Trainee: 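The structure is given below, and queries will be raised subsequently.
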Amino acid sequence: MSAQDGSHRRVTPAEHDDGTAHILHVDMDAFFASVELLDHPELRDRPVIVAHDAPRSVVTTANYRARRFGVRSAMPVAMAKRMCPGAALLPPRHGLYRAASARVMHILAEFSPLVEQVSVDEAWIDVSGAHGLFGSSGAIAERIRERLRAELGLIASVGVAPVKFAAKLASGMCKPDGLLIVNRSELQGFLDALPVGALSGVGEHTRDRLSRYGVSTVRQVRELRYPRLVRMVGEAMARMLSERARGRQTDGVTPVRAERSIGREVTLPEDLSDSREILATLSALVEGPSRTLRAQKLLARTVTLKLRDADFQTISRSHALSVPTDTTQVLVEAARDLFIGCGWDRPTRLVGVRFTGLVSAEDAPARDVLWGEEDRWRAADVASDEITQRFGTESMVRATALRASRRRSR
DNA sequence: TCTGGGGTCCTAGGACCC
DNA sequence: TCTGGGGTCCTAGGACCC
């Protein structure tokens, strides 16, 4: 409460830093809403919700003024509106946020080459090598916050700790507009007091499981014997929990991580029952991620179809191709085959497609030795990519998708 | 109030190979 | 004649994060 109206700002003075914490976690406060406010200064003092104003839509971000009314991310917009009728509702503009994100990351990169971007609005920075130039970790954290505010008009909270996960915990705890430094000697005490659910990776399910054994704090996790923990939550989760509970983390700040999958999914405005329409939606859906594959010079090995029915039952079906591809037609056919093969006949709420098993197109065997039909489809892709690049993605629509949309509008 | 869309990672069973 | 065990890949489902 006090932190939310700014009267007790949670800022550790930089002098608290004793030189044992070198990882910063920078987390932008209410990022999308803050970026929108730069464009809408007249809304500065009002509750602002970033979300599509549609029946099945959920809240993407809300500013702190709206959060006071109980509005939260992922909450249905209908509910948010009822909780906070005076809020301004702004549709998300992801291009704008990506651009702002790039400016943020650009500033961070000036302090250290070791910047790991986690999402649009978050990054870890390892400043071990930066003290000579910029001073202590605490001092660097302060300078970063000042520059983001002065140059971009954006507020960030920063956590400083000896390991990544603790830095992230710290930034979360001093939000908004805060700075929290956790020195090595303070780390165990800091962790012990936390509920397990505070750890990233521990959600509702794991929390419930642990609570059935009477375990609810990080300290209790630390005091469990390892085999028992494994029985409770499984091997990988146990390993992670056991390490974190002791303040340990082996992986450091890794600047670039290769993408593992590319996909797209849509929740339809109304449930669809006609399988021809679902197929048409699916075909159109494949276009975007296929283009992304080609733009990033990647090939996909596996195609996964995702379907959700009116009762929220969700299934997935996947198929590994014999040869990785980036050809839209091949990917469309794989997706269609999966749909036809699974015998789905329920009213459909969501359709999705995802490509995994990504490999670099450069590493793949040269495909100009291939012959026949796929070559012609590839030529069509090249032409279509050129057109969409010049005139936008709306300019090209697969004929099957077009027929479906005509059918719907009749 | 009725549940988005972009992802990552893990589990578990079965096939297949050595 | 019956049977071990480990590794890897594929598939389906689910937990989790922002």
Side-chain angles (χ1 to χ4, degrees), chain A residues 25 27-33 49-62 69-84 91-92 94 97-98 101 116-123 164-165 168-169 171-172 175 196-210 230 233-241 251 254 257-269 271 285 288-289 292 301-322 334 338 341-342 349-358:
Chain A
H25 183 259
D27 199 339
M28 307 304 293
D29 296 327
F31 186 57
F32 294 0
I49 296 171
V50 179
H52 288 292
D53 193 3
R56 289 175 164 183
S57 170
V58 299
V59 174
T60 304
T61 324
F69 293 83
V71 176
R72 294 287 177 270
S73 293
M75 176 184 279
V77 166
M79 186 184 188
K81 276 179 166 174
R82 206 157 322 121
M83 290 178 119
C84 188
H94 292 280
Y97 316 142
R98 268 197 301 276
S101 174
E116 177 177 344
Q117 186 169 353
V118 208
S119 67
V120 265
D121 66 338
E122 264 180 80
K164 289 204 293 187
F165 87 93
K168 184 173 165 67
L169 276 170
S171 70
K175 259 177 180 305
V196 259
L199 298 176
S200 175
V202 179
E204 204 186 344
H205 183 82
T206 308
R207 211 165 51 234
D208 284 355
R209 281 197 140 190
L210 289 167
V230 173
V233 297
E235 185 74 49
M237 182 65 78
R239 204 180 316 124
M240 188 275 278
L241 278 178
D251 49 321
T254 317
R257 278 183 295 183
E259 267 193 302
R260 313 302 302 264
S261 73
I262 294 169
R264 187 135 151 63
E265 60 184 62
V266 275
T267 294
L268 304 156
D271 297 344
L285 213 54
T292 307
R301 182 82 211 265
T302 302
V303 179
T304 303
L305 166 71
K306 176 172 166 182
L307 297 164
R308 175 173 291 156
D309 71 12
D311 298 326
F312 234 72
Q313 294 299 307
T314 309
I315 68 147
S316 69
R317 292 291 180 272
S318 65
H319 174 68
L321 302 162
S322 53
L338 283 167
C342 76
R349 175 189 177 92
L350 172 145
V351 183
V353 68
R354 181 161 295 280
F355 305 143
T356 54
L358 305 182

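These figures come from a predicted structure and were not determined experimentally. Labels below follow one simple rule: chain letters A, B, ... track the order of the sequence lines, proteins then strands, and each chain is numbered from 1. What's counted below: heavy atoms across the whole structure, side chains too, no hydrogens, waters or symmetry copies.
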Trainee: DNA chain B: A/R257 or A/E265, which has the more 5' nearest nucleotide?
Mentor: A/E265
Trainee: Answer with base, sugar-phosphate or nothing: what part of the nucleic acid does A/H319 contact at a heavy-atom distance below 4.0 Å?
Mentor: sugar-phosphate
Trainee: Holding to side chain to side chain donor-acceptor pair (under 3.5 Å), I want the full list of residues that pass it with A/T356, two or more places apart in sequence or in another chain.
Mentor: none
Trainee: Base, sugar-phosphate, or nothing: which does A/S57 touch, judged by heavy atoms less than 4.0 Å apart?
Mentor: nothing
Trainee: Just one of A/I315, A/L350, A/V353 clears the side-chain contact (heavy atoms from CB on, under 4.5 Å) bar with A/K306, so which one?
Mentor: A/L350
Trainee: Just wondering, do A/P92 and A/H52 contact through their side chains at under 4.5 Å, heavy atoms?
Mentor: yes
Trainee: List the residues meeting ring pair (Phe, Tyr, Trp, His ring centres under 6.0 Å) with A/F32, not counting sequence neighbours, and say none if there are none.
Mentor: A/H94, A/Y97
Trainee: Identify, residue by residue, the members of residues 307-314 of chain A with a heavy atom below 4.0 Å from DNA chain C, and return them in order of residue number, or none.
Mentor: none
Trainee: Roughly how far apart, to the nearest Å, are B/dG4 and C/dC16 at atom C1'?
Mentor: 15 Å
Trainee: Does the A/T314 side chain pair with the main chain of A/F312, one donor and one acceptor, at a distance under 3.5 Å?
Mentor: yes
Trainee: Describe the nucleic acid contact of A/V266 in one word from base, sugar-phosphate, nothing, applying a heavy-atom distance below 4.0 Å.
Mentor: sugar-phosphate
Trainee: Just checking A/V120: base, sugar-phosphate only, or nothing, at a heavy-atom cut-off of under 4.0 Å?
Mentor: nothing
Trainee: Yes or no on side chain to side chain contact (heavy atoms under 4.5 Å, CB included) for A/T61 and A/F31, after CA distance, side-chain angles and deciding distance?
Mentor: CA-CA 8 Å; A/T61 324; A/F31 186 57; over 6 Å; no
Trainee: Within the structure shown, what part of the strands sits under 4.0 Å from A/P55 by heavy-atom distance: base, sugar-phosphate, or nothing?
Mentor: sugar-phosphate
Trainee: Rounded to the nearest 0.5 Å, what separates atom OG in A/S318 from atom CZ in A/R301?
Mentor: 12.0 Å
Trainee: Counting runs of three or more consecutive pairs, Watson-Crick or G-U wobble, with each distance below 3.5 Å, where are the stems of DNA chain C?
Mentor: B:5-18 with C:5-18
Trainee: Mind checking which nucleotides bracket the chain A contacts on DNA chain C, 5' to 3', with an atom under 4.0 Å from a heavy atom?
Mentor: C/dC10 to C/dC18
Trainee: How is A/R239 classified with respect to the nucleic acid when contacts are heavy atoms under 4.0 Å: base, sugar-phosphate, or nothing?
Mentor: nothing
Trainee: Describe the nucleic acid contact of A/A74 in one word from base, sugar-phosphate, nothing, applying a heavy-atom distance below 4.0 Å.
Mentor: base
Trainee: Select base, sugar-phosphate, or nothing to describe what A/L338 touches, counting heavy atoms under 4.0 Å on all strands.
Mentor: nothing
Trainee: Classify A/G263 by what it touches in the nucleic acid, base, sugar-phosphate, or nothing, heavy-atom distance under 4.0 Å.
Mentor: sugar-phosphate
Trainee: I'd like to know if the side chain of A/D309 and the backbone of A/D311 have a donor-acceptor N/O pair within less than 3.5 Å.
Mentor: yes
Trainee: Indicate whether any N or O donor in one side chain lies under 3.5 Å from an N or O acceptor in the other, for A/S101 and A/Q117.
Mentor: yes
Trainee: So, are A/K164 and A/E116 salt-bridged, with charged N and O less than 4.0 Å apart?
Mentor: yes
Trainee: Keeping A/S73 on the side-chain end and A/T60 on the backbone end, is there a donor-acceptor pair under 3.5 Å?
Mentor: yes
Trainee: Between A/L268 and A/M237, just flag the one whose closest nucleotide in DNA chain B comes earlier from the 5' side.
Mentor: A/L268
Trainee: Using a cut-off of 4.0 Å on non-hydrogen atoms, how would the nucleic acid contact of A/K168 be classed: base, sugar-phosphate, or nothing?
Mentor: sugar-phosphate
Trainee: At under 4.0 Å between heavy atoms, what does A/S73 touch on the DNA or RNA strands: base, sugar-phosphate, or nothing?
Mentor: nothing
Trainee: Counting only pairs under 3.5 Å, give me each side-chain donor-acceptor contact of residues 201-210 of chain A, with atom names and distances, residues two or more places apart or in other chains.
Mentor:
unit_1	atom_1	unit_2	atom_2	d
A/R209	NH1	A/M232	O	3.2

